[in-house]
Amino acid sequence: MILKVLTYPDPRLREISQPVTRFDADLKKLSEDMLETMYEESGIGLAAPQVGELVRMLVVDTRPRDLEGRYEKNVMTELEEKVQQPLVVINPVILKGEGKTTYDEGCLSVPSFYETVERHKTIELQYQDVTGKTHVLKTDGLLSICLQHEMDHLEGTLFIDHISFVKSNKIKNQIKKTGYPEKKKKSRKDGQEL
Ligand code: NI
């Protein structure tokens, strides 16, 4: 089922999400709906609060696809390749963050705006899967950036909180004044919405 993605300034995007304690059929269904919604919206990541569910769960699939939706090979880092995607991540904790990297981030909840954000280059992440089993993964590349972006959503933080006051105010004022531009067909040049 395709879910409605909330957009800034919806106050639910500013809430702190609660840990998942029940690994039941409802949780599994929510994770499947979130993946379906993420693909439908051409995003590479989606956090539960973005669909109005204030729980610590997110989904990602950063495997590069061409415009016809085919997966492209040999563009991911070695560490990224090792991670099985799509990935459902529950109750995530960053055990270790190393180095710095930047990327032009967008967000399905702030559609059509892109700004350069700095993140850890490499992360070690502990999380539970949809059955409650605990895993640890290490990754860098776009997957690392996307996971850090989605984890921000669980704290009520958006990528526009990581950029300069001037740039973030410009975006907020434009949204207040004219709303979001109509969604156009994604082109190669566009950044990724996370
Ligand atoms: Ni986002």
Side-chain angles (χ1 to χ4, degrees), residues 2-18 20 30-65 80 83 85-94 97 101-121 123 125 127 139-164 167-172 174-176 179-184 186-187 189-194:
I2 310 278
L3 307 169
K4 186 177 163 10
V5 178
L6 307 178
T7 51
Y8 172 88
D10 191 296
R12 284 169 288 181
L13 293 169
R14 293 314 202 172
E15 298 286 327
I16 293 178
S17 291
Q18 296 304 307
V20 172
L30 176 60
S31 73
E32 288 164 0
D33 289 347
M34 283 171 59
L35 279 168
E36 201 183 329
T37 305
M38 178 185 81
Y39 291 127
E40 172 69 21
E41 302 285 335
S42 304
I44 58 169
L46 185 69
Q50 292 182 274
V51 293
E53 297 287 341
L54 298 179
V55 292
R56 302 184 83 79
M57 174 157 74
L58 57 91
V59 296
V60 293
D61 189 348
T62 59
R63 290 174 294 174
R65 269 156 288 178
E80 270 182 294
V83 180
Q85 297 198 67
L87 189 60
V88 177
V89 169
I90 298 166
N91 299 332
V93 180
I94 291 180
T101 188
T102 57
Y103 186 73
D104 283 337
E105 294 187 18
C107 180
L108 292 174
S109 293
V110 196
S112 78
F113 293 93
Y114 301 91
E115 287 294 340
T116 308
V117 176
E118 188 178 275
R119 305 275 184 192
H120 291 302
K121 183 172 191 287
I123 56 166
L125 184 79
Y127 66 98
T139 190
D140 56 9
L142 186 54
L143 179 56
S144 167
I145 291 162
C146 187
L147 285 165
Q148 293 173 75
H149 173 117
E150 303 316 328
M151 282 180 72
D152 270 356
H153 280 297
L154 308 181
E155 308 299 332
T157 299
L158 300 171
F159 82 93
I160 49 172
D161 302 326
H162 286 290
I163 59 180
S164 78
K167 280 183 182 167
S168 129
N169 264 3
K170 203 177 145 197
I171 291 178
K172 288 174 184 171
Q174 196 180 328
I175 293 166
K176 214 181 284 172
Y180 292 101
E182 221 167 286
K183 201 162 179 148
K184 55 176 171 27
K186 235 176 132 58
S187 98
K189 292 205 304 296
D190 292 339
Q192 299 275 11
E193 288 181 343
L194 292 70

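All values derive from a computational prediction rather than experimental measurement. As the structure lists them, so they are numbered: ligands from 1, and atoms in each ligand from 1.
Leu194 lies close to the Ni ion (ligand 1), since one of its N, O or S atoms is found at a distance under 2.8 Å.
Side-chain atoms of Asp161 come within 3.5 Å of backbone N or O of Leu158 as a donor-acceptor pair. With hydrogens and angles disregarded, no donor-acceptor distance shorter than 3.5 Å links the side chain of Glu36 to the backbone of Glu32. Under the 3.5 Å distance criterion, the side-chain polar atoms of Thr102 are left unmatched by any main-chain donor or acceptor of Thr116. The main-chain N or O of Ser112 is found under 3.5 Å from a side-chain atom of Glu193 such that the two form a donor-acceptor pair.
The name of the N, O or S atom in His153 nearest to the Ni ion (ligand 1) is NE2. Within His149, the N, O or S atom at minimum distance from the Ni ion (ligand 1) carries the name NE2.
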